[in-house]
Amino acid sequence: MNAPDKAMPGAGLASIDHWIGGRVVPGASGRRADVFNPATGQVSGKVALASADEVALAVASAKAAFAAWADTPPIRRARVMFKYLEILNQRRDELARRITAEHGKVFTDAQGEVTRGIDIVEFACGIPQLLKGDYTEQVSTGIDNWTMRQPLGVVAGITPFNFPAMVPMWMYPVAIAAGNSFILKPSPLDPSASILMAEMLKEAGLPDGVFNVVQGDKDAVDALLEHPDVKAISFVGSTAIAQKIYETGARHGKRVQALGGAKNHMVVMPDADMDQAVDALIGSAFGSAGERCMAISLGVLVGDAADKIMPMLAERTQSLKVKNGTELDAEMGPIVSKAAQDRITGYIGTGESEGARLVVDGRGFQGAMAGAGCDGGFWVGGTLFDNVKPDMKIYREEIFGPVLGCVRVKDLAEALELVNSHEYGNGVSLFTSDGNTAREFSRRVQVGMVGVNVPIPVPMAWHGFGGWKKSLFGDMHAYGEEGVRFYTKQKSVMQRWPESIGKGAEFAMPTSK
C-alpha cells in the first residue's frame, strides 16, 4: 500500500468511506490510502483512514443504538438476520466480484469465501435457541435459580485482508443477533466489501447504528482498543499483532479474542492415496495464493512417500493456471500488494540460501503470462521447496504466500514431534488409509484444528474456529456456540417470595435446605 495521500479521490477512482449511523460518512481526517487492483497494479480507489475522533463518532452511534436493540426480542433480531441471509444469497456474486477486484483471489474462491460467511449468518438465525438459559426450581426450600445470557454492549472486529467478507462474518452476525451493536474495522487493502455488507444489513431492516464501519489503519485500531465504551474486541491477523491486541485490550478491561498466525503441516503417510495427497497439497498451498491462515505451507513426507510424491508435486506446481482472478479457469491469482510480493520473494531467496532445494521457483513468473493488462500486477508463481529443515526460516515463519516447503521424516513419531514442536498450532492435516494411525495422530497432535484426509479443516459454522499455542490469544474460539458465549455474559438469578422466607437474620453462608 502506498503512503497515505491527503488528496481526495481523482476522476474514475472509487471513494471508500466509513459507515456510521446507517449511512456513508466521508472521511474527515485528511488521510487516505490507495486501493489497488492486484492483477494490474493499478489504483482503483482511495480509502479513508479514520482518526480517533471518527472512531469515537462510530462508538457513540453504536452506543446510542445498543439499548433498544438489546431490548428487541431475540426472535425479531433473528428475523432481521433471516432477511439479511436472503439478500446475501441474492447478491453473493456481487460481493465476490468486489473481493476479487481488490484482493485478487480467483472469482470461484471469492464465491466460496462468501458462501462460508453465509453459513455463519444461517447459524446466527438460530439465536433464540442459542440464548436459552438454564432453570432449576427448588434449589433450596422456596428458592428457584436460573441463568440468562445478555449482550455486552458495543463490540468491535478488526479483520484482515485475506477474507474481507468471511472473517467479518465470523464476528458480526453472531454479535448482532445476540443483541450487541458492532463496529467493523476492515483491512485498508480491500475495504469495499465492508460497505456493501453494511448496505445489505440496512436493507434487511437492521436499525441504524447497530452496525458501523470505520476504515483505517493503526490509528483506528488503537482508538478502538482504548475507548472505554468498547466492551470486546475480535481480531484476526498476524501473531505479533494478535498478541499486542490481546495484551492492550485486556489492559483496558476488554474481553479479547485474537486469532494469530499459522504454519500448517500436512503429514503424508506412505499408505496414503498419492493422487489425492497431491491434489490436497496443491489446492491448500496455492489456493488464494497461499494468503490464508489455514493454507498448508509445509508438507511432511513420511518414509518413501517423499520419493513418490515430489515429482508429482513439481509437475503440478509448474502447470498451475496463474491468471487474473476474473478468468473462470484461473487456479491462482496475484498477491494482494507489492509489499507482500516483495516479502514473499524475499523468503524464497532466504530458503534457497539456507540450503533447501528449490524445485520450482515462482519468482520467474511474469505478469504478462497472466493475461492482458497484467504486466504491472503483483505476481508470484507457485513455489516448491524440498529438503526443508526445522531450523530454517522458511520452516519456522509464516510466509503467507504461494510457497510450499517439504520436510522428509522417517516415521509418524518423528512427524508428530515436528508438528508439536512448532510454536504455532492452528491447523494440521494427515493423509493416510489406516484408521488407527488417524486416531492416534488426532489424539496426540497439539493443534487446534485437525483434518484426516481433509486438507483445510475449517470447522463448520456451528463448531467454531480457533487454534492453539501462538495461533490464538484468548479463551474462546470464533463463531459457533463459543462465539455466542464470547459476545454475551451470563447472569444468574435466585428468587424466593415472602411466604417462604423465614424470620430472623441469617449470618452463615446460605446452603440448600
Side-chain angles (χ1 to χ4, degrees), residues 262-288 290 292-317 320 331 356-357 359-360 382 384-390 392 394-396 398 402-460 463-469 471:
K263 196 71 178 178
N264 304 317
H265 302 70
M266 179 186 291
V267 178
V268 181
M269 298 299 293
D271 65 352
D273 183 308
M274 292 301 157
D275 289 327
Q276 291 179 357
V278 169
D279 286 342
L281 280 166
I282 292 295
S284 57
F286 302 129
S288 199
R292 51 190 179 197
C293 66
M294 290 298 285
I296 295 294
S297 55
L298 293 167
V300 182
L301 312 179
V302 179
D304 64 2
D307 291 333
K308 296 177 185 177
I309 206 170
M310 283 306 303
M312 302 165 71
L313 285 174
E315 189 279 325
R316 290 289 296 278
T317 303
L320 275 172
E331 294 174 331
R357 186 168 74 89
V359 180
V360 182
L384 177 65
F385 279 102
D386 193 7
N387 300 116
V388 174
K389 306 298 182 184
M392 294 179 177
I394 61 168
Y395 176 84
R396 300 191 316 271
E398 184 176 34
V403 181
L404 174 62
C406 292
V407 186
R408 296 175 181 238
V409 299
K410 65 179 184 295
D411 54 27
L412 180 65
E414 186 178 349
L416 267 170
E417 174 64 23
L418 192 73
V419 176
N420 290 345
S421 297
H422 206 286
E423 66 177 352
Y424 293 122
N426 203 51
V428 69
S429 183
L430 171 75
F431 270 66
T432 184
S433 59
D434 184 85
N436 186 63
T437 298
R439 181 178 185 274
E440 287 302 301
F441 181 85
S442 300
R443 290 183 62 239
R444 300 186 187 284
V445 73
Q446 295 170 18
V447 172
M449 293 171 282
V450 181
V452 176
N453 299 321
V454 174
I456 304 178
V458 178
M460 298 306 291
H463 280 286
F465 181 103
W468 289 6
K469 297 186 279 190
S471 293

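Hydrogens, waters and symmetry mates play no part in the numbers below; they use all other heavy atoms, side chains included.
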(Q) List the residues meeting ring pair (Phe, Tyr, Trp, His ring centres under 6.0 Å) with F431, not counting sequence neighbours, and say none if there are none. (A)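 Ring pair (Phe, Tyr, Trp, His ring centres under 6.0 Å) list for F431, sorted by chain: empty.
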(Q) The criterion is ring pair (Phe, Tyr, Trp, His ring centres under 6.0 Å); which residues satisfy it with F441, sequence neighbours excluded? (A) none
Mark yes or no for whether [X], through its side chain, and [Y], through its backbone, hold a donor-acceptor pair below 3.5 Å.
| X | Y | answer |
| --- | --- | --- |
| D386 | R357 | no |
| S433 | D271 | yes |
| E398 | A262 | yes |

Q. Under 4.5 Å between any side-chain heavy atoms of N264 and S429, yes or no?
A. no
Among all residues two or more places apart in sequence or in another chain, which pass the side-chain hydrogen bond (donor to acceptor under 3.5 Å, both in side chains) test with [X]?
| X | answer |
| --- | --- |
| R396 | none |
| E423 | K470 |
| S442 | none |

Nearest atoms (heavy-atom pairs only) where [X] meets [Y]:
| X | Y | answer |
| --- | --- | --- |
| V360 | G382 | CG1-O, 3.5 Å |
| A356 | V388 | CB-CG2, 4.1 Å |
| C406 | L384 | SG-CD1, 4.0 Å |
| A295 | G290 | CB-O, 3.9 Å |
| L298 | L404 | N-CD1, 4.0 Å |

Would you be so kind as to tabulate the donor-acceptor pairs closer than 3.5 Å made by side chains of residues 273-283, with sequence neighbours excluded?
residue	atom	partner	partner atom	Å
D273	OD1	D275	N	3.1
D273	OD1	Q276	N	3.0
D279	OD1	R316	NH1	2.8
D279	OD1	R316	NH2	3.3

Q: Evaluate side chain to side chain contact (heavy atoms under 4.5 Å, CB included) for V447 paired with H422, printing each intermediate quantity in order.
A: CA-CA 10 Å; V447 172; H422 206 286; over 6 Å; no
Q. Any salt bridge (charged side-chain N to carboxylate O under 4.0 Å, His left out) pairs touching residues 438-448, not counting sequence neighbours?
A. E440-R443, E440-R444
Q) For residues 296-310, which residue pairs qualify under salt bridge (charged side-chain N to carboxylate O under 4.0 Å, His left out), counting only residues two or more places apart or in two chains? A)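 Residue pairs with at least one partner in residues 296-310: D304-K308, D307-R408.
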Q. By side-chain contact (heavy atoms from CB on, under 4.5 Å), which residues pair with C293, not counting sequence neighbours?
A. N426, F465
(Q) Just verifying a value: how many Å separate N420 CG and W468 CH2, rounded to the nearest 0.5 Å? (A)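 Going from CG on N420 over to CH2 on W468, the span is 9.0 Å.
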Q.
To the closest 0.5 Å, what do you measure between CE (M294) and OG (S284)?
A.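 Atom-to-atom, M294:CE and S284:OG are 10.0 Å apart.
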Residues 411-418, side-chain donor-acceptor partners within the protein, below 3.5 Å, at least two apart:
residue	atom	partner	partner atom	Å
D411	OD1	A413	N	3.3
D411	OD1	E414	N	2.9
E414	OE1	K410	N	3.0
E414	OE1	K410	NZ	3.4
E417	OE2	S421	OG	2.9

Q | Any side-chain donor near an acceptor of the partner, Y424 and H265, under 3.5 Å | A |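 No, no side-chain donor-acceptor pair sits under 3.5 Å.
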Exercise answer: donor-acceptor pairs, residues 452-459 side-chain atoms, under 3.5 Å, sequence neighbours excluded:
residue	atom	partner	partner atom	Å
N453	OD1	T432	N	3.0
N453	ND2	T432	O	3.0

Q: Show the numbers, then the answer: is there a side chain to side chain contact (heavy atoms under 4.5 Å, CB included) between D434 and M269?
A: CA-CA 9 Å; D434 184 85; M269 298 299 293; over 6 Å; no
Q | Test log, rule side chain to side chain contact (heavy atoms under 4.5 Å, CB included), inputs F286 and E331 | A | CA-CA 8 Å; F286 302 129; E331 294 174 331; over 6 Å; no
Q. Does the side chain to side chain contact (heavy atoms under 4.5 Å, CB included) test come out yes or no for I309 and V268, once each step is laid out?
A. CA-CA 9 Å; I309 206 170; V268 181; 4.2 Å; yes
